[in-house]
Protein chains: 2
Amino acid sequence: MNSLSPRAKNKQEKEHRILKAALWVFCNQGYSGASMDAIAARAEVSKPTIYQYFGTKEQLFGAIMLSGRDRMLDAFSHPAPGEMVRDLYSFAWDYADTVMSPEFLSLARLIIAEAQRFPEIGRAYQASGPDRLLRGIMDYLITQRAAGHLVFDDAELAAQDLWALILSAPRNQALHIPDPLPNRADIARYLHNGLGVFLRAYSAHPSNDLASLATIIAAA
Amino acid sequence: MNSLSPRAKNKQEKEHRILKAALWVFCNQGYSGASMDAIAARAEVSKPTIYQYFGTKEQLFGAIMLSGRDRMLDAFSHPAPGEMVRDLYSFAWDYADTVMSPEFLSLARLIIAEAQRFPEIGRAYQASGPDRLLRGIMDYLITQRAAGHLVFDDAELAAQDLWALILSAPRNQALHIPDPLPNRADIARYLHNGLGVFLRAYSAHPSNDLASLATIIAAA
DNA sequence: ATTTTACTAAACCGATTGGTAAAATTATAC
DNA sequence: GTATAATTTTACCAATCGGTTTAGTAAAAT
C-alpha cells in the first residue's frame with residue numbers, strides 16, 4: 001500500500017523541502033524580498049528544480065500560502081458542547097496557542113503584507129481560516145443558547161466578540177512587535193478578562209458562570 | 001516672517017513631494033518592492049535628489065514612517081468627558097473613521113509587513129499610536145468610573161476591550177481583504193453591537209445606558 | 001547493460017536594483 | 001553681466017533580479 005517507487009518518494013520529499021524553505025524565506029523576506037536563489041539554497045535544491053516543480057515565483061507563492069494555511073488550521077478543533085464555561089476556557093487556550101505561535105503570526109504578517117498584490121490569497125485565507133473558525137464558534141454558541149445558557153440575537157457578532165475579547169489585543173501587539181512575543185502570563189491576563197467580559201454580556205446566568213470561571217482559573 | 005528664500009522654499013516643497021511619493025510607493029509595493037526610481041518618478045524628482053535629501057532607502061523609509069504616522073494620528077482627538085454613552089458613540093465613530101480609512105490601513109499593513117526587518121519602527125508605531133490612544137481612552141474611562149458610571153478593576157483591559165469590541169472584526173477583515181472596504185453600514189453594525197456589549201459588561205447602570213444607546217442609534 | 005528520468009552546477013539572459021560621479025542648471029553675490 | 005556657489009540632472013556603475021539554457025551525472029526503470 002505504502003510502497004511508493006523511490007522516484008516518487010524522492011519527488012515528494014523534494015517538493016516538501018521546497019515548500020518549507022519557500023515558506024520560511026517568504027515569511028522572513030516578504031514576497032518581493034524573497035529571491036528564488038535564496039529559496040533554492042535553503043531547500044538545498046537547484047533553482048531549475050524549483051521552476052520545474054512550481055513554475056513561476058508567483059505560483060510558488062500561491063502554493064505556499066495554501067499548504068501553509070491548511071497545515072496550521074487543520075490541527076485546530078472546534079469545541080464540542082459540554083460544560084460551557086469549561087468549554088470556552090479550553091477553546092480559548094487552544095485558539096490562543098495556535099494563533100499566537102510565531103509561525104502563525106509570520107504567515108499572518110505575510111498575508112496582510114501581500115493582500116493588495118494578491119487579493120485572492122487574502123480572500124482564500126479569510127474564507128478557510130477565520131471564517132471557518134467563526135462558523136464553528138457560532139454553531140457552539142447557538143447550541144448553548146438553545147440550552148438556555150447564553151442570550152444573544154446575532155450569533156455572528158457574538159462569536160466575533162468572543163474572538164475579539166480574547167485575542168485582539170495580544171495578537172495586534174504581536175503583529176506590530178514580533179519580539180518579544182507576549183508570554184503565557186500576558187495571554188492569560190487577556191484571556192481571563194475576555195472570557196469574563198463575554199460572560200457578563202452574554203451569559204444567561206452571569207454570576208454562576210463567572211464563579212465557574214473563577215474556579216477554573218484558580219485551578220489552573 | 002514667512003519670507004523664505006526661493007531656494008529654501010523650493011527645498012521644502014521638494015522634500016514634501018518626495019515624502020508623499022515615497023509613502024505611496026512603500027504602502028503599495030512594500031519595502032523591498034518599492035524602487036527608488038519609482039519614488040523619484042512619482043515625486044517628479046531625479047533619484048540623486050532623493051539621496052541628497054534622505055541618504056539611503058532605509059533612512060527614507062524611516063522618515064516616511066515617522067511623518068506618515070504623525071500626520072494620521074495627530075488629527076485624532078480623545079473624548080472629553082460629557083454624557084457618557086454619547087461620548088463613547090462619537091468617539092467610536094471618530095476612531096472608526098480614522099482607523100478604517102484606506103491610507104491608514106495601508107500604513108498599518110506596511111508596518112506589520114516590515115515589523116520583523118525594522119523592529120524599531122513597529123515599536124515606535126505601537127508607542128505613539130495604539131498605546132497613546134489607549135492611554136487617552138483609559139483616562140476617560142477612569143473619569144467615568146469616578147463619576148459612578150462605569151465599573152471595572154483594570155482600566156487598561158477595559159480600554160482594550162472597548163477597542164476590540166468596536167473595531168477588531170472590521171479592521172482584521174480589512175487588513176486581509178483590502179477590496180472592498182467594509183462600508184459604513186457594516187461598520188455601524190459592529191460599532192453598535194460593540195458599544196452594547198461594552199455597556200452590558202462595564203456600565204454601572206446597564207439598562208439606562210443601553211436605552212441611551214438605542215436612542216442615539218435610532219436618531220442617527 | 002542500456003535507456004530514460006531527474007537532477008545539478010554554472011553560465012547566461014535582459015531588466016532592474018540601490019547608489020554615485022560628473023556635468024549642467026539654477027539662483028545668489030558682486 | 002559675470003563669477004560663484006548651491007542644487008539637480010544626465011548618465012552610469014556593479015550587483016542582483018526572475019527565469020532559461022547548457023552540459024553533464026547519478027540513479028532508477030527497462
Side-chain angles (χ1 to χ4, degrees), chain A residues 2-65 110 113-114 117-118 121, chain B residues 2-65 110 113-114 117-118 121:
Chain A
N2 199 8
S3 68
L4 287 118
S5 76
R7 276 248 153 88
K9 194 165 211 157
N10 197 324
K11 209 162 185 170
Q12 217 174 39
E13 186 239 346
K14 230 161 233 182
E15 184 175 318
H16 178 251
R17 240 166 49 206
I18 295 172
L19 282 173
K20 200 172 130 187
L23 179 62
W24 193 90
V25 175
F26 276 126
C27 280
N28 283 277
Q29 313 283 343
Y31 179 79
S32 300
S35 83
M36 298 298 270
D37 288 303
I39 295 172
R42 191 174 173 87
E44 295 180 279
V45 152
S46 77
K47 201 163 50 155
T49 302
I50 299 183
Y51 279 93
Q52 188 184 328
Y53 274 67
F54 293 100
T56 68
K57 185 185 187 182
E58 212 168 308
Q59 291 170 336
L60 174 60
F61 184 70
I64 293 306
M65 300 311 278
L110 181 57
E114 310 300 340
R117 243 165 316 165
F118 301 97
I121 282 176
Chain B
N2 199 8
S3 69
L4 289 115
S5 77
R7 276 247 156 88
K9 194 165 212 157
N10 195 324
K11 207 161 185 169
Q12 218 175 39
E13 186 239 348
K14 234 163 228 182
E15 183 175 319
H16 178 251
R17 241 165 50 205
I18 294 172
L19 282 173
K20 199 172 129 187
L23 179 63
W24 192 91
V25 175
F26 275 125
C27 280
N28 283 278
Q29 313 285 344
Y31 179 79
S32 299
S35 82
M36 298 299 270
D37 287 302
I39 296 172
R42 192 176 173 86
E44 295 180 276
V45 153
S46 77
K47 201 163 47 159
T49 303
I50 299 181
Y51 280 93
Q52 189 188 324
Y53 276 67
F54 294 99
T56 68
K57 185 185 186 182
E58 213 168 308
Q59 290 170 336
L60 174 60
F61 184 69
I64 293 304
M65 299 312 279
L110 181 57
E114 310 300 340
R117 244 165 316 165
F118 301 98
I121 282 176

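Naming convention: chains lettered A, B, ... in sequence-line order (proteins, then strands); numbering from 1 in each chain. All values below were derived from every heavy atom in this structure, side-chain atoms included, with hydrogens, water molecules and symmetry-related copies excluded.
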For [X] and [N], what is the distance between atoms [atom1] and [atom2] respectively, to the nearest whole Å?
| X | N | atom1 | atom2 | value |
| --- | --- | --- | --- | --- |
| A/E44 | C/dC7 | CD | P | 15 Å |
| B/E15 | D/dT7 | CD | C1' | 14 Å |
| A/Q12 | C/dA6 | CD | P | 14 Å |
| A/K47 | C/dC12 | NZ | P | 14 Å |
| B/I39 | C/dG18 | CD1 | C1' | 11 Å |
| B/E13 | C/dT26 | CD | C1' | 15 Å |

What pair of heavy atoms forms the shortest contact from B/G62 to B/I121, and how long is it?
-> CA-CD1, 4.3 Å

State which residues pass side chain to side chain donor-acceptor pair (under 3.5 Å) with B/S46; sequence neighbours excluded, sorted by chain then number.
->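 For B/S46, the residues satisfying side chain to side chain donor-acceptor pair (under 3.5 Å) (neighbours in sequence not counted) are B/T49.
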
By side chain to side chain donor-acceptor pair (under 3.5 Å) - contacts of B/Q29 (at least two apart) =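 Result, side chain to side chain donor-acceptor pair (under 3.5 Å) vs B/Q29: none returned.
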
Side-chain polar contacts of residues 34-44 of chain A - donor-acceptor pairs under 3.5 angstrom, sequence neighbours left out - could you list them?
| unit_1 | atom_1 | unit_2 | atom_2 | d |
| --- | --- | --- | --- | --- |
| A/S35 | OG | A/A38 | N | 2.9 |
| A/D37 | OD1 | A/K47 | NZ | 3.3 |

Does D/dT25 pair with anything, Watson-Crick or G-U wobble, both distances under 3.5 Å, and if so, with which nucleotide?
->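 The answer is C/dA6, by the H-bond criterion.
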
Strictly below 4.0 Å, heavy-atom distances to any atom of DNA chain C: list the hits from residues 27-36 of chain B, or just say none.
->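 Residues of residues 27-36 of chain B that come under 4.0 Å of DNA chain C are, in numerical order, B/A34, B/S35, B/M36.
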
Is there a residue in residues 49-60 of chain B whose heavy atoms reach under 4.0 Å of DNA chain C, and which residues are they?
->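 The stretch gives B/Y51, B/T56, B/K57 as the residues lying under 4.0 Å from the strand, ordered by number.
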
Could you list all the salt bridge (charged side-chain N to carboxylate O under 4.0 Å, His left out) pairs where at least one residue sits in residues 24-34 of chain A, not counting sequence neighbours?
-> none

Return the set of residues passing salt bridge (Lys or Arg N to Asp or Glu O under 4.0 Å) with A/E114 (not counting sequence neighbours), or none when no residue passes.
-> A/R117

Of all pairs that satisfy ring pair (Phe, Tyr, Trp, His ring centres under 6.0 Å), the ones with a partner from residues 29-59 of chain A, not counting sequence neighbours =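 Qualifying pairs, neighbours excluded: A/F26-A/Y31, A/Y31-A/F61, A/Y31-A/F118.
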
Do any N or O atoms from the side chain of B/Q59 and from the backbone of B/T56 form a donor-acceptor pair under 3.5 angstrom?
->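 A pair under 3.5 Å: yes.
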
